[in-house]
Amino acid sequence: MTIILDNNTYKYETEATIKLFIPAERFEFIYDQTDAPGDIIITRMKKCKSYVYFYSYIRAAGRKARRAGKVSAADFSEKDGEFQICRLLFTMLCDFYGFTPKWGLLTGIRPVRKINLLFKEGYTEKDIRREFSEKYYVSDAKTDIALRTAAIQQPIIPDFSKKTVSIYVSVPFCPTRCSYCSFVSHSMDSAVKLIPQYIEKLCCELEILGDIVKKYGLKVDTIYYGGGTPTSLSADELYRIMKKTSECFDLSAVREYNVEAGRADTITKEKLQVIKQMNATRISINPQTLNDEVLGIIGRRHTAAQVIEAYKLARGLGFDNINMDLIAGLPTESFASFKSTLDRVTELGPDGITIHALTLKRSAGLYQSGKENISNPACEMVDYGIKHLTECGYAPYYMYRQKNTIDNLENIGYSRPGKESLYNIYIMDETQTILGAGCAASTKLVDEENRISRVMNYKFPYEYINRFDELMKKKDEVRAFFE
């Protein structure tokens with residue numbers, strides 16, 4: 001489909017709005033034309049002396065529709081122009097396709113952060129419900145779950161302190177690459193030769209960040225080992241990195257230390273003992289599904305039985321905060337299969353359960369066959385997750401959304417009271433500086449005015465290794481922030 005932007009340049013939000021109705025499709029954007037062959041969508045803005053006029057038009061599948069509107073020129077701003085075009089486009093597409101997305105016009109990643117900010121501005125819950133319904137067309141059900149999540153976060157989010165930081169450590173290796181994955185991760189078959197050099201450079205970067213923390217008197221609040229799958233490494237390799245972390249940072253005030261143990265085919269007693277010995281307080285064991293057939297289809301080399309065995313092993317070693325991730329909408333998975341997985345997981349009794357909705361990312365293998373997955377029952381799965389987990393005593397504590405997610409759904413982390421992941425809340429609410437180490441890690445610097453600047457590490461392990469000295473010069477930006 002061709003998208004024509006006439007007298008406006010609002011490409012990003014226009015595309016995000018259209019994808020609510022037409023996911024898993026590539027668009028061609030052209031500017032300042034009136035027509036093009038084939039299926040098209042047009043957004044047009046015209047500024048006059050008294051008014052700014054807006055227009056949207058669609059021609060697709062042998063049908064046509066259009067909408068028009070205007071605002072006072074005296075009240076117009078460029079940001080308002082973007083919103084007015086998207087609002088007009090949204091209502092037109094709702095009528096054209098015969099449905100209204102449950103998150104309405106809200107396309108942002110962090111709907112709960114939006115609620116938290118509105119509360120800070122003095123909005124009441126009633127005000128927020130009205131804003132979400134009348135301005136953004138969000139359904140009552142989605143507003144409810146977002147407000148429930150915000151209510152859990154309110155007493156947890158700390159007062160801002162520039163001197164308090166979290167640490168993210170990237171281990172970008174996995175046994176195999178899952179078909180839905182778009183993270184910068186490398187299968188062990190192809191990346192094993194990079195691991196020794198990667199660990200050496202990663203430990204050097206931890207030393208540099210440790211020096212910054214010490215020099216500027218910073219306090220480390222949480223640590224998160226992600227990837228990839230950190231337990232893809234051997235027990236000795238994992239020990240080396242975690243030992244270096246404890247040497248570089250004062251961990252006495254750390255309130256949460258996360259390690260993504262991730263896939264059952266990487267978990268051993270020796271690795272869990274290392275994680276426990278190095279004082280990690282929270283781990284994730286992520287089945288995604290307990291259907292062996294679906295596990296094979298998405299590229300996982302473990303069984304449901306191995307997941308359960310790994311979970312019981314971790315419990316036996318004394319881990320008292322274990323999270324398990326599931327994905328709603330995996331290819332070939334039925335609602336009955338997802339329900340069975342969630343029921344079995346809740347019977348195990350993990351402290352947290354995160355339900356992700358399948359996202360068709362361009363760099364993931366599933367993207368090419370994305371349209372085949374659009375009609376799967378992900379929405380029914382997510383709705384069951386909300387109901388069942390609430391009944392089992394879990395509450396939603398963090399939420400985020402992504403582009404190209406099936407049914408325009410959300411990802412929600414649920415936990416038992418007191419077992420919420422602080423790091424997950426902080427990264428979604430963007431209220432704390434996070435210092436990133438390792439390839440594809442992002443350092444997010446948050447100042448007193450909640451302005452955010454990012455310092456990105458190189459994306460791929462070989463680039464991270466080969467250009468390490470050049471990369472470390474970027475740490476001057478971090479030092480300057482704390483001066």
Side-chain angles (χ1 to χ4, degrees), residues 18-25 93-94 96-104 106-107 111 137-146 148-149 178-182 286-300 303-304 307 324-348 350 353-362 364-392 394 396 399-414:
I18 294 170
K19 280 186 173 294
L20 300 178
F21 302 87
I22 316 173
E25 184 165 327
L93 294 176
C94 284
F96 188 83
Y97 287 105
F99 73 97
T100 301
K102 291 185 178 180
W103 278 105
L106 212 58
T107 59
Y137 307 115
V138 180
S139 72
D140 289 344
K142 295 306 179 186
T143 301
D144 285 343
I145 193 69
R148 284 178 60 196
T149 306
C178 298
S179 60
Y180 56 79
C181 182
S182 67
N286 302 329
Q288 315 304 6
T289 178
L290 292 180
N291 183 318
D292 286 344
E293 182 179 348
V294 178
L295 284 170
I297 287 170
I298 64 175
R300 291 215 163 191
T303 64
V307 173
M324 301 185 83
D325 282 7
L326 304 178
I327 297 179
L330 288 171
T332 76
E333 182 139 70
S334 65
F335 170 74
S337 171
F338 176 84
K339 179 180 182 298
S340 173
T341 287
L342 184 56
D343 291 349
R344 291 164 68 189
V345 166
T346 51
E347 285 173 9
L348 287 173
I353 298 173
T354 303
I355 297 182
H356 299 272
L358 180 66
T359 299
L360 302 173
K361 298 180 180 179
R362 290 184 180 180
L366 276 182
Y367 187 85
Q368 300 306 318
S369 59
K371 291 183 180 179
E372 299 171 15
N373 296 291
I374 289 170
S375 60
N376 73 30
C379 189
E380 188 180 2
M381 296 172 182
V382 167
D383 288 345
Y384 177 73
I386 294 171
K387 177 178 180 293
H388 180 67
L389 289 172
T390 299
E391 291 172 350
C392 291
Y394 295 88
M399 173 193 297
Y400 67 100
R401 300 175 61 231
Q402 295 169 282
K403 289 191 303 181
N404 301 325
T405 297
I406 289 178
D407 289 338
N408 187 33
L409 290 165
E410 67 285 337
N411 308 305
I412 303 179
Y414 300 83

Asp292 side-chain N/O to Ala304 backbone N/O, donor-acceptor pair under 3.5 Å: yes

Steps toward side-chain contact (heavy atoms from CB on, under 4.5 Å) verdict (Ile355, Leu389): CA-CA 10 Å; Ile355 297 182; Leu389 289 172; 3.8 Å; yes

Listed partners of Tyr384 passing side-chain hydrogen bond (donor to acceptor under 3.5 Å, both in side chains), at least two apart: Asp343, His388

Who pairs with Glu347 by salt bridge (Lys or Arg N to Asp or Glu O under 4.0 Å), at least two apart in sequence or on another chain? none

Sequence-distant partners of Asn286, side-chain hydrogen bond (donor to acceptor under 3.5 Å, both in side chains), two or more places apart: none

Ile386 and Arg148: side-chain contact (heavy atoms from CB on, under 4.5 Å), yes or no, with the steps? CA-CA 11 Å; Ile386 294 171; Arg148 284 178 60 196; 4.1 Å; yes

In Å, rounded to the nearest 0.5 Å, how long is the span from CG of Asn291 to CZ of Phe338? 12.5 Å

Residues two or more places apart in sequence or in another chain: which of them pass salt bridge (Lys or Arg N to Asp or Glu O under 4.0 Å) with Glu333? none

Nearest 0.5 Å, please: how far is CE in Met399 from CD1 in Ile412? 4.0 Å

Say you draw a straight line from OG1 of Thr107 to CD1 of Ile18; how long is it, rounded to the nearest 0.5 Å? 12.0 Å

Is there a side-chain contact (heavy atoms from CB on, under 4.5 Å) between Tyr97 and Ile22 once you walk through the steps? CA-CA 10 Å; Tyr97 287 105; Ile22 316 173; 3.3 Å; yes

Can you list everything that forms a side-chain hydrogen bond (donor to acceptor under 3.5 Å, both in side chains) with Asp144? Sequence neighbours excluded, please. Arg129

Could you give me the CA-CA distance, side-chain angles and deciding distance for Glu410 and Val382, then say whether side-chain contact (heavy atoms from CB on, under 4.5 Å) is met? CA-CA 9 Å; Glu410 67 285 337; Val382 167; 3.4 Å; yes

For a quick test of reading the model, state the closest non-hydrogen atom pair linking Ala378 to Ile406 and the distance between them. CB-CG2, 3.9 Å

Rounded to the nearest 0.5 angstrom, the CG-OG1 distance for Leu295 and Thr289 is 5.5 Å

Note: Pro111 and Leu106 closest approach over all heavy atoms is CB-CD2, 4.2 Å

If you count heavy atoms of other groups shown closer than 6.0 angstrom to CD of Glu391, is the number above 12? yes

Give me the atom names and distance for the closest heavy-atom approach of Leu20 to Gly104. CD1-O, 3.4 Å

Passing candidate, side chain to side chain contact (heavy atoms under 4.5 Å, CB included) with Asn408, options Lys19, Arg401, Lys403, Lys102: Arg401

For Leu358 and Gly329, the nearest pair of non-hydrogen atoms, with its separation, is CD2-O, 3.0 Å

Any sub-3.5 Å donor-acceptor pair from Asp407's side-chain atoms to Cys379's backbone N or O? yes

Using side-chain hydrogen bond (donor to acceptor under 3.5 Å, both in side chains) as the criterion, list what pairs up with Tyr414, not counting sequence neighbours. none

Testing the basics here: between Lys142 and Val138, what is the closest heavy-atom pair and its distance to 0.1 Å? CB-CG1, 3.8 Å

Scanning both residues in full, the closest heavy-atom pair of Arg300 with Pro287 reads NH1-O, 4.0 Å

Under 3.5 Å, is there a donor-acceptor pair between the side chain of Thr405 and the main chain of Gln402? yes

Pairwise side-chain contact, Leu409 with Met381, heavy-atom cut-off 4.5 Å (strictly under): no

Counting only N and O atoms by type, is there a donor-acceptor contact under 3.5 Å from the side chain of Ser340 to the main-chain atoms of Ala336? no

Point-to-point distance, once rounded to the nearest 0.5 Å, from CG of Leu290 to CG of Leu342: 9.5 Å

OG on Ser337 to CG on Leu330, rounded to 0.5 Å: 9.0 Å

Do Cys94 and Pro101 have side chains that get closer than 4.5 Å, going by heavy atoms? yes

